[in-house]
Amino acid sequence: MGLKELPNAEKGKVVLRFAPNPNGPLTLGHARGVTINSEYSKLYEGKVVLRFDDTDSKVKPPIKEAYGWIESDYEWLTGKKPDIIVKASERMDIYLEYAEKLLRDDFGYVCKCSAEKFKKLRDDSKECPCRSKSPLENLSHWKLMNDGTFDEGDAVVRVKTSMDLPNPALRDWPALRIQHSEHPMVGNKYKVWPLLDFQSAIEDYEQGVTHIIRGKDLMDSTRKQTLLYAHFGWDYPETLYWGRVKIHEFGSFSTSGMRKDIENKKFTGWDDPRLPTLRALRRRGFDSDAMRDFWIDLGLTQKDISVSLQTIEAFNSSKIDERCERRAFVRNPELLKFDNSSELITSLSIKRHPMGQIEGERIWDLNDKRIYLEKNDIKETKIRLKDFADIRILDDMVQLESYERSDKRKIVHWLPVSMAKNSILTIPKGDEIIIQKGMIEDFELKKGDIVQLERVGYAIIESENNSSIIKLLWLHG
RNA sequence: GCUCGUGUAGUGUAGUGGUCCAUCAUGAAGCCCUCUCGAGGCUUCGACCCGGGUUCAAAUCCCGGCACGAGCACCA
């Protein structure tokens with residue numbers, strides 16, 4: 001299907017942006033913004049600005065390391081670096097200058113009302129007393145805000161729109177407020193910080209952004225910013241929206257919530273496999289192309305949607321299957337031995353990939369006549385050992401019946417003892433972690449490789465190449 | 001309360017007046033193939049929120065409901 005055309009887009013002249021708060025790494029929710037913006041940029045040979053909206057050091061404080069995390073998450077997902085990277089915190093002088101201009105132009109004022117008091121006035125469409133101050137007076141209060149004389153909460157700068165606007169959200173909206181908390185990038189240099197609506201508006205203009213694609217929860221932002229643009233005589237970028245996304249298995253994505261849970265040791269870190277962060281998904285073996293295909297397939301609509309992880313997994317399987325070698329993984333292994341009447345060949349060779357997408361074979365040594373089978377599979381007495389032979393089960397002994405397939409009996413995976421290595425499969429399930437012990441086929445197990453455990457599903461090898469116990473992390477079925 | 005947005009199969013999505021007894025993907029069920037419960041192939045299931053109106057003709061336009069969601073933060 002693909003993405004629809006962007007309105008008023010000229011090839012080579014499109015500038016888009018993706019603006020996360022660096023208060024954690026990117027999540028699955030951010031992936032939509034990254035994908036949509038980068039795909040459009042590719043389509044129109046445009047540019048993407050990665051902008052760190054780090055203007056709040058109090059409610060959602062930035063994490064110093066997160067800037068780097070986000071850059072690498074972005075690069076992983078799109079396969080390239082953003083064209084331009086800016087941090088709001090290093091552009092503060094520009095924002096403050098525009099704020100001052102706002103006051104000089106009498107298009108803004110320093111409001112000393114409490115938030116509650118202003119809310120009441122606004123709901124009644126009444127002007128607050130601060131609104132009638134002269135630019136000169138505002139400028140002198142502005143100075144007091146910036147030099148630290150005014151304390152946090154003492155004053156905000158508002159954009160003078162109109163108190164009669166039908167939409168209460170747009171009435172004299174707040175543009176800057178005082179924060180004395182230390183900022184991880186610039187310390188205590190600034191006392192006054194812009195709010196999103198102001199900072200974002202100015203920066204989009206400064207960067208020459210032509211198209212803004214954002215969540216529809218920001219529709220009122222567009223309206224507020226359009227008012228500001230009109231005052232400055234600028235043209236507002238084309239704006240498109242997406243609706244809210246939920247993934248069944250994860251619920252919503254709250255970076256602050258995850259941060260708290262990690263601090264409380266509920267999760268081991270940002271790459272805990274239970275988390276919907278990009279780094280957790282990448283660690284588990286999700287393919288970035290599959291992830292992109294998924295978001296492109298959803299497209300850009302304003303509908304609130306709730307999709308299943310299964311859909312992403314289907315995209316992922318189709319991307320990774322052809323490069324995943326097969327391995328046997330016997331859960332809850334039972335040791336059985338061929339009886340004396342069974343004459344066995346001494347070695348077996350099995351394809352690395354059933355369709356031959358991967359050249360070569362796995363060689364199994366069969367000199368030891370003991371094998372592992374899954375407890376569940378030996379409930380039946382006549383089964384076929386996959387790629388090997390039909391057998392009959394007699395208590396803890398097995399008897400070779402035929403190498404050729406002689407009937408329609410069930411085909412099961414198995415492992416000769418000589419090829420079996422202890423293994424632990426970690427399966428994230430909701431907030432839980434399930435540990436599944438088993439025997440893994442000891443054949444070229446390379447750290448970081450994703451294998452398909454036959455009849456089980458995909459998993460990634462997490463332990464070093466010669467570990468005595470192989471650690472596997474579950475990807476999906 | 002005010003403002004805004006969205007409503008097509010279980011889940012997503014295509015479709016902007018006839019070519020739609022509605023597309024594709026995913027899902028479920030079944031079959032074929034394959035020495036995996038994987039991959040591939042095939043079949044089936046399943047939807048235009050409701051009510052009016054305009055029109056020869058409406059998923060598509062208009063009006064009115066209803067449902068869901070969002071904004072009204074000195075968060076982003």
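Every chain is numbered from 1 and lettered A, B, ... according to where its sequence line falls, protein lines coming before strand lines.
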For the side chain of [X], counting heavy atoms from C-beta on, which of [options] is nearest?
X        : options             : result
A:Arg244 : B:G71, B:U36, B:A70 : B:A70
A:Met355 : B:U3, B:A39, B:C35  : B:A39
A:Thr301 : B:U36, B:U13, B:A25 : B:U13

For the C1' atoms, the ones on B:C33 and on B:G27, what distance do you get once it is rounded to whole angstrom?
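So the two C1' atoms sit 22 Å from each other.
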Nearest-nucleotide comparison on RNA chain B, the residue closer to the 5′ end among A:Arg455 and A:Thr55:
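Counting from the 5' end, the first nearest nucleotide belongs to A:Arg455.
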For A:Val307 and for A:Phe118, locate the closest nucleotide of RNA chain B by heavy-atom distance; then report the residue assigned to the nucleotide nearer the 5' terminus.
A:Val307
base_contact_polar ([N] base, [X] side chain, donor-acceptor, <3.5 Å):
X        : N     : value
A:Lys386 : B:C35 : no
A:Arg384 : B:C35 : yes
A:Gln452 : B:U36 : yes

Taking only side-chain N and O atoms of A:Lys119, does any of them lie within less than 4.0 angstrom of OP1 or OP2 on B:C74?
no
If you look at every strand shown and take non-hydrogen atoms under 4.0 Å, does [X] touch a base, only sugar-phosphate, or nothing?
X        : answer
A:Thr255 : nothing
A:Leu218 : base
A:Phe388 : base
A:Val156 : base
A:Glu322 : nothing
A:Asp387 : base

Given atom [atom1] of [X] and atom [atom2] of [N], what is their separation to the nearest angstrom?
X        : N     : atom1 : atom2 : result
A:Arg326 : B:C37 : CZ    : C1'   : 13 Å
A:Ile63  : B:C75 : CD1   : P     : 18 Å
A:Met219 : B:C2  : CE    : P     : 20 Å

Non-hydrogen atoms of A:Arg405 and A:Ser402 that approach each other most closely:
N-OG, 4.5 Å
Have a look at A:Asp220 and tell me which of A:Lys216, A:Lys224, A:Arg223 forms a salt bridge (Lys or Arg N to Asp or Glu O under 4.0 Å) with it.
A:Arg223
